[in-house]
Amino acid sequence: MSGIFARIAAVAGYLPAGVLTNRDLAALYPEWSEDKILQKTGIRERRIAGDGETAADLATQAAQKLFTRHAVSPDSIDFVILSTQAPDYILPTSACLIQHRLGLKTSSGALDINLGCSGYVYGLSLAKGLIESGSARRVLLLTADTYSKYIHPLDKSVRTLFGDGATATVVEGVEADAALIGPFVFGTDGAGAENLIVRTGGARQPRTAQSAQEKTDSSGNVRSDDNLFMDGPEIMNFTLTTVPKAATQLMAVAGTTLDTTDLVVLHQANAYMMEALRKKMHIPREKFVVHLEHCGNTVSSTIPLALEKVLEGNEPNRGQRKTMLVGFGVGYSWAGTYATI
Amino acid sequence: METFYAGLAEILEIDAGKVGPDLDLTKLAWDSLAVVSTIALVDEQFNVMLEGKALSQCQRVSDIEALIAKKKG
């Protein structure tokens with residue numbers, strides 16, 4: 001049945017100027033060579049935000065790049081959604097600041113989503129809901145994170161993986177015969193909260209001199225309670241257990257198979273995790289999008305950065321590729337959907 | 001066990017011929033990354049999900065094999 005359906009119209013990414021290479025890291029962690037870091041993580045370099053540069057700054061740059069490159073008028077946007085875990089302030093909402101900085105109409109809606117690696121897919125679901133309910137016509141979906149600011153320089157378990165970055169996506173309503181985004185599957189398991197966490201700085205646990213005390217773990221990584229902590233083995237268990245199930249559930253709801261799926265874009269966590277998932281899910285290599293060598297794991301931005309890369313190529317089937325997207329991580333939180341791109 | 005040993009050799013960055021039940025992990029780079037990679041390897045080859053903490057405390061390859069056997073029941 002034809003009607004107005006939401007689609008991804010354009011995607012643009014923005015990476016900050018700072019670069020953290022494997023050479024820089026190997027100098028800090030003598031037990032890991034440059035080659036080993038690349039081979040295990042699939043990452044050559046990460047981009048790092050400057051001292052005074054926030055996630056909202058990166059998101060603003062990504063939006064401006066999108067407006068210029070894709071000739072999108074800021075006036076045509078009637079809703080802005082920002083997925084970030086690095087807001088400028090406790091309050092107000094970063095999306096409100098960005099509305100003003102981008103000169104978006106004051107009749108625009110604006111809100112933040114506090115999610116990590118699943119944030120983009122959740123954002124798409126909100127954008128689709130707004131558009132297909134007739135509440136908005138063009139939604140600007142932003143993702144931006146600066147985990148580097150939470151990471152202790154001597155914690156190789158996370159510093160080798162995460163990079164900073166932002167993306168901007170225009171989701172708009174178009175006349176179509178069938179949905180161009182969806183269906184969705186969601187999942188949450190707050191029992192995993194402790195395994196990927198920055199403990200202090202929120203209402204539960206303020207930052208104190210004691211929380212800033214550094215400790216060294218059994219793998220020689222240094223961090224305090226003010227830093228990002230990731231229990232790698234627990235996250236691997238969660239991922240290998242949850243993501244294949246979510247994808248199977250999504251394919252059942254969508255009435256698809258891997259054969260009828262053109263591309264698969266999973267959250268770009270790191271090479272060893274992605275390869276383990278690819279094998280377990282039996283995804284053919286040629287359908288499996290990998291895009292992290294020059295940016296690392298950019299949290300909420302990994303999926304749209306990969307989409308930007310895919311959309312840069314001018315393949316003849318552009319606009320028709322049925323692409324599976326699955327975001328998963330901190331929370332635990334996960335979500336999957338299809339987007340026709 | 002051949003393919004499991006080959007996978008472990010890759011993770012530990014040693015020759016496959018050196019991997020056997022008695023191999024001493026404490027003398028090798030048995031760090032969090034190796035543990036994470038081994039979780040994926042064991043899941044792929046034995047369809048068993050090992051706990052990170054128990055795995056990181058393994059001292060020999062035979063300890064990993066015992067964990068797998070216990071999980072398989």
Side-chain angles (χ1 to χ4, degrees), chain A residues 22 25-26 29-33 35-43 154-161 192 194-196 216-223 229-245 269-283 297, chain B residues 1-19 23-73:
Chain A
N22 289 348
L25 293 172
Y29 320 133
E31 63 281 20
W32 282 14
S33 70
D35 282 350
K36 176 170 173 170
I37 297 171
L38 174 63
Q39 190 210 331
K40 300 284 182 185
T41 64
I43 300 162
L154 293 177
D155 187 351
K156 65 180 182 296
S157 72
V158 283
R159 200 165 180 221
T160 48
L161 304 180
E194 300 273 320
N195 298 326
L196 189 42
T216 304
D217 73 10
S218 59
S219 294
N221 294 310
V222 181
R223 73 181 76 85
F229 165 72
M230 181 174 82
D231 186 326
E234 286 293 337
I235 297 295
M236 184 59 118
N237 274 338
F238 152 70
T239 302
L240 289 175
T241 309
T242 308
V243 177
K245 273 189 204 155
N270 56 67
Y272 54 83
M273 186 175 275
M274 289 174 68
E275 187 55 17
L277 283 171
R278 192 191 67 76
K279 282 192 204 161
K280 185 163 186 169
M281 294 159 74
H282 308 291
I283 302 166
N297 177 343
Chain B
M1 282 295 160
E2 288 288 304
T3 49
F4 175 56
Y5 289 165
L8 267 186
E10 203 177 306
I11 290 167
L12 296 166
E13 297 178 306
I14 58 172
D15 291 339
K18 288 189 181 155
V19 182
L23 181 72
D24 189 346
L25 298 168
T26 61
K27 295 204 164 65
L28 296 161
W30 187 237
D31 57 11
S32 62
L33 177 59
V35 168
V36 168
S37 304
T38 304
I39 286 174
L41 177 72
V42 170
D43 178 49
E44 183 197 347
Q45 300 202 349
F46 302 98
N47 199 24
V48 157
M49 201 65 75
L50 296 183
E51 300 298 325
K53 202 163 186 185
L55 190 55
S56 64
Q57 284 164 359
C58 288
Q59 302 205 338
R60 290 173 188 280
V61 170
S62 57
D63 297 335
I64 304 176
E65 290 169 334
L67 285 180
I68 296 168
K70 200 170 145 197
K71 274 270 180 180
K72 281 200 112 100

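In what follows, every chain begins at residue 1, and chains take the letters A, B, ... in the order their sequences are listed.
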Report which part of Glu51(B) has an atom under 4.5 Å of a heavy atom belonging to chain A: side chain, backbone, both, or neither.
both
Report, as yes or no, whether the 6.0 Å neighbourhood of atom CG on Asp24(B) holds more than 12 heavy atoms from other residues, nucleotides or ligands.
yes
Interface moiety of Glu31(A) toward chain B, non-hydrogen atoms closer than 4.5 Å
neither
Which residue out of Met273(A), Glu234(A), Lys36(A) racks up the most heavy-atom pairs below 4.5 Å with chain B?
Lys36(A)
Is it the backbone or the side chain of Leu41(B) that comes under 4.5 Å from a heavy atom of chain A, or both, or neither?
neither
Distance (rounded to the nearest 0.5 Å) between Asp43(B) CG and Thr239(A) OG1
11.0 Å
Out of curiosity, Met236(A) CE to Thr38(B) OG1, how far, rounded to the nearest 0.5 Å?
9.5 Å
Looking at Glu10(B), I'd like to know if its CD atom is crowded, meaning that more than 12 non-hydrogen atoms belonging to other residues, nucleotides or ligands lie closer than 6.0 Å.
no
CD1 of Ile39(B) to OH of Tyr272(A): how many Å apart, nearest 0.5 Å?
10.5 Å
Spacing of CD belonging to Glu44(B) relative to CD belonging to Glu275(A), to within rounding of 0.5 Å
8.5 Å
Turns out that what part of Thr41(A) lies under 4.5 Å from chain B's heavy atoms comes down to neither
Within residues 25-35 of chain B, residues adjacent to chain A where the heavy-atom gap is under 4.5 Å:
Ala29(B), Asp31(B), Ser32(B), Leu33(B), Val35(B)
